[in-house]
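Okay, structure first, notes after.
Computation of the quantities below employed the complete heavy-atom set of this structure, encompassing side-chain atoms and omitting hydrogens, waters and symmetry-equivalent molecules. Remember, it's 1-based here, ligands and their atoms both numbered in the order they're listed.
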Amino acid sequence: MVVKMLPCSVQLEPTCKDCAAYKKLLCRCDPADTLHFLILALPYFVTTIAGVIVAGFGWFLLGWLTYAIFFFFRWEARVLCSHCPYWAEPSRVLHCHANYGVTKIWKYHPEPMNRSEKAQFALGALAFIIYPIALLLLGKQFLLASIAIVSSVSWGYLLYRNICSHCINFSCPMNGVPKSLVSLYLQRNPTVREAWEKAGFPVE
Ligand code: SF4
Ligand code: SF4
């Protein structure tokens with residue numbers, strides 16, 4: 001029988017030092033990783049926020065903020081983050097490198113994301129990215145819109161290369177962790193592994 005236990009990422013004292021995944025995954029919450037994550041997003045946010053104000057649509061930023069709160073705290077939290085081992089921490093607040101501070105109203109879903117959830121995540125994230133760029137285009141700020149598009153593409157690329165290729169939410173459509181490391185993490189975490197196997201993803 002598989003013993004239900006917390007994933008090692010949210011255990012108080014996991015045995016990390018003897019783990020082959022040590023320092024290869026973003027598997028323990030570290031404020032330096034959160035800072036890294038924010039720095040990657042900075043050029044996009046500076047360009048879009050300043051640009052939307054210059055375009056004369058400053059009040060529309062409130063709509064963007066409202067959508068961001070809904071998306072990151074509720075929608076994305078359910079379709080993406082509730083599947084992440086960080087979500088299993090027995091706390092009302094999420095502690096991870098990307099969505100640190102989100103309040104948890106959904107229960108933990110150790111099984112992988114399904115197709116509908118992946119599509120919803122992609123759609124919701126795309127809407128978040130496009131919203132201010134559309135305002136820049138409406139305000140005829142074509143240079144700023146171009147810079148925003150380039151910075152969003154470079155943000156996505158750097159995110160994938162530096163964060164998603166080490167992230168422990170393995171079923172996220174952006175995740176790029178090699179299969180050998182995914183297996184290693186799942187072997188170390190029987191509760192997650194059992195949920196993956198039940199969902200039809202045999203772990204080697
Ligand atoms: S996979 Fe688990 S045990 Fe291994 S280094 Fe990461 S948190 Fe520690
Ligand atoms: S999926 Fe990413 S943002 Fe969500 S809890 Fe996991 S690490 Fe954090």
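The ring of Phe60 has its center no closer than 6.0 angstrom to the ring center of Tyr131. With ring centers used as reference points, Tyr108 lies 6.0 Å or more from Trp87.
Atom 2 (Fe) of ligand 1 has an N, O or S atom of Cys8 closer than 2.8 Å.
With no hydrogens or angles considered, no side-chain donor-acceptor pair links Trp196 and Glu111 at under 3.5 Å. Side chains of Ser183 and Gln187: no donor on one and acceptor on the other come within 3.5 Å.
At the top of the distance list for atom 8 (Fe) of ligand 2, counting protein heavy atoms only, stands Cys96 SG, 2.3 Å. Atom 4 (Fe) of ligand 2 has its closest protein heavy atom at Cys81 SG, 2.4 Å. Ranking the protein heavy atoms by distance from atom 3 (S) of ligand 1 puts Arg188 NE, 3.3 Å first. For atom 1 (S) of ligand 2, the closest heavy atom belonging to the protein is Asn169 ND2, 3.1 Å. Of the protein's heavy atoms, Cys84 SG, 2.5 Å lies nearest to atom 6 (Fe) of ligand 2.
Note on Val46: it does not cluster hydrophobically with Leu136, by side-chain heavy-atom contacts below 4.5 Å among ILVMFWY residues.
With a 4.0 Å heavy-atom cut-off, ligand 2 is reached by the backbone of Asn99 and by its side chain too. At a heavy-atom cutoff of 4.0 Å, ligand 1 is contacted by the side chain of Arg28 but not by its backbone. Contact annotation: for His97 versus ligand 2, heavy atoms closer than 4.0 Å belong to the side chain alone.
When Asn175, Ile163, Leu94 are ranked by how near their heavy atoms come to atom 5 (S) of ligand 2, first place goes to Leu94.
Among Cys167, Pro7, Ser91, Cys96, the single residue meeting the side-chain contact (heavy atoms from CB on, under 4.5 Å) criterion with Tyr86 is Cys96.
Using a 4.0 Å cut-off between a side-chain N of Lys or Arg and a carboxylate O of Asp or Glu, Asp18 and Arg188 qualify as a salt bridge.
Of all the atoms in ligand 2, the ones that sit under 4.0 Å from a non-hydrogen atom of Ala98 are 3 (S). Atoms of ligand 1 lying under 4.0 Å from any heavy atom of Tyr22, numbered from 1 in the order shown and given with element: 5 (S). Listed by atom number, the atoms of ligand 1 under 4.0 Å from Tyr185 heavy atoms are 1 (S).
Ring orientation note: the planes of Phe45 and Phe128 are tilted relative to one another, at an angle of 30° to 60°. By the 30° and 60° cut-offs, the orientation of the rings of Phe70 relative to Tyr67 is tilted.
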